[in-house]
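Below is one structure; the comments refer to it alone.
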Amino acid sequence: MGAAMGGAMGSAMGGPAGPSGISERNPIMVFGLSNGLMILANILTSALIGVLGGLVAIFNLLSLAGLVMFVIFILKMGKELQAYTGSPDYAHWHGIVPIWGGLQIHKTMQMAFQKAGIQEEPKHVALYIFFATFAQPSDMNKVAQRGGGGAPALGPGPGMGGPPPGMGGPPPGMGGPPPGMGGPPPGGGFGGPPPGGPGGPPPGGYGGPPPGGGFGGPPPGGGY
């Protein structure tokens with residue numbers, strides 16, 4: 001039982017503060033050990049006053065304990081919120097003032113969200129007025145999880161978003177044939193006949209007899 005109560009109290013008080021200087025807490029435990037105790041004491045007093053009579057006053061101690069825890073939680077969270085925002089218009093004790101204190105905490109929490117770069121609004125102002133011990137730790141946990149100031153938007157660095165210089169196209173001299181290529185060699189085309197023409201006889205003709213006579217006669221100087 002003692003260990004359970006110690007764990008509940010520890011989760012409500014918060015662990016070590018992170019880089020933002022804000023501790024994360026269990027909002028349900030913070031509310032239960034403050035407002036919850038006061039509500040429970042009032043319910044038990046109303047229900048059992050006819051049975052217990054004067055003994056029902058013992059529940060007033062339970063309500064008083066809840067009120068004390070409420071003040072402790074609000075002051076502790078108020079100091080962390082004041083230190084984080086540095087607002088000169090907010091003091092850590094503002095939260096213990098009914099209604100006005102909830103308005104002050106809500107306005108300062110909006111500043112904390114902006115500093116942390118959280119792109120949303122804190123919980124509704126009505127929750128800060130009536131249930132600050134739940135709304136405030138819930139929103140402060142978001143600030144603590146961001147670890148301080150908001151992270152800058154990431155964009156392409158210098159030279160990013162496109163190819164490096166010289167890339168994206170062929171290197172110099174590429175993309176076309178080397179010099180002298182793509183056309184016929186000097187002196188004529190590939191598709192034409194060689195000089196003198198391939199279709200005609202060589203100089204002197206093919207069809208005539210060799211020099212000195214025909215093929216059909218006897219050799220020089222006589223017969224066979």
Side-chain angles (χ1 to χ4, degrees), residues 1-47 59-151:
M1 182 66 176
M5 287 298 296
M9 183 64 70
S11 65
M13 295 299 293
S20 63
I22 295 177
S23 300
E24 292 191 53
R25 298 172 173 83
N26 187 329
I28 297 177
M29 288 299 177
V30 175
F31 178 82
L33 293 176
S34 54
N35 296 72
L37 286 180
M38 291 186 284
I39 294 172
L40 178 63
N42 291 332
I43 292 175
L44 292 177
T45 299
S46 301
F59 295 119
N60 291 337
L61 296 178
L62 186 62
S63 180
L64 179 61
L67 178 61
V68 171
M69 295 305 299
F70 173 86
V71 173
I72 292 175
F73 290 144
I74 289 295
L75 292 179
K76 184 170 173 50
M77 291 188 294
K79 287 182 179 180
E80 295 178 3
L81 184 60
Q82 182 183 22
Y84 180 75
T85 60
S87 173
D89 300 325
Y90 176 76
H92 67 281
W93 54 266
H94 284 175
I96 64 177
V97 180
I99 302 178
W100 179 81
L103 296 174
Q104 294 299 310
I105 298 175
H106 185 265
K107 182 173 67 174
T108 310
M109 191 64 69
Q110 289 177 320
M111 297 173 57
F113 270 37
Q114 292 176 357
K115 181 177 179 179
I118 301 176
Q119 302 298 320
E120 60 181 273
E121 286 293 318
K123 295 192 179 302
H124 197 275
V125 65
L127 290 176
Y128 276 87
I129 293 175
F130 298 105
F131 305 107
T133 50
F134 175 79
Q136 186 173 356
S138 298
D139 286 337
M140 289 183 68
N141 285 348
K142 297 178 181 180
V143 178
Q145 290 164 5
R146 293 300 294 264

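Just so you know, these numbers use all the heavy atoms, side chains as well, and skip hydrogens, waters and symmetry mates. Every value quoted in this text rests on a predicted model; they were computed, and no experiment measured them.
Rounding to the nearest 0.5 Å places OG of Ser20 at 8.0 Å from CD of Glu80. Ile22 contributes atom CD1, which lies 6.0 Å from atom OH of Tyr84 (distance to the nearest 0.5 angstrom). With rounding to the nearest 0.5 Å, the separation of CD in Gln119 from CD in Gln114 is 9.5 Å. With values rounded to the nearest 0.5 angstrom, Leu67 atom CG is found 9.5 Å from Asn35 atom CG. Annotation: the span from Met38 atom CE to Met69 atom CE amounts to 11.0 Å, rounded to 0.5 Å. Distance CH2/Trp93 to CD/Gln82: 10.5 Å, rounded to 0.5 Å.
Looking only at side-chain heavy atoms (C-beta outward), Leu64 and Asn60 stay at 4.5 Å or farther from each other. Contact of the Pro122 side chain with the Tyr128 side chain is registered, since non-hydrogen atoms from C-beta on lie closer than 4.5 Å. For the pair Arg25 and Lys76, the minimum side-chain heavy-atom distance is below 4.5 Å.
Gln104 and Asp89 make their closest contact through OE1-O, 3.9 Å (heavy atoms, listed as atom of the first residue, atom of the second, distance). Gly95 approaches Phe70 most closely through the heavy-atom pair O-CZ, 4.3 Å. Across all non-hydrogen atoms, the minimal contact from Lys123 to Ala135 is CD-CA, 4.0 Å. Leu81 approaches Gln136 most closely through the heavy-atom pair CD2-NE2, 4.1 Å. The minimum heavy-atom distance linking Asn26 with Ile28 is given by the pair OD1-N, 3.0 Å. Across all non-hydrogen atoms, the minimal contact from Thr133 to Ile74 is CG2-CD1, 4.2 Å.
Within a 6.0 Å sphere centred on CG of Leu61, other residues, nucleotides and ligands contribute more than 12 heavy atoms.
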Fill in: Audit row: Asn42, Phe59, side chain to side chain contact (heavy atoms under 4.5 Å, CB included) steps and yes/no
CA-CA 8 Å; Asn42 291 332; Phe59 295 119; over 6 Å; no
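Scanning for side-chain contact (heavy atoms from CB on, under 4.5 Å) contacts around Glu120 gives Phe113, Ile118, Lys142, with sequence neighbours left out.
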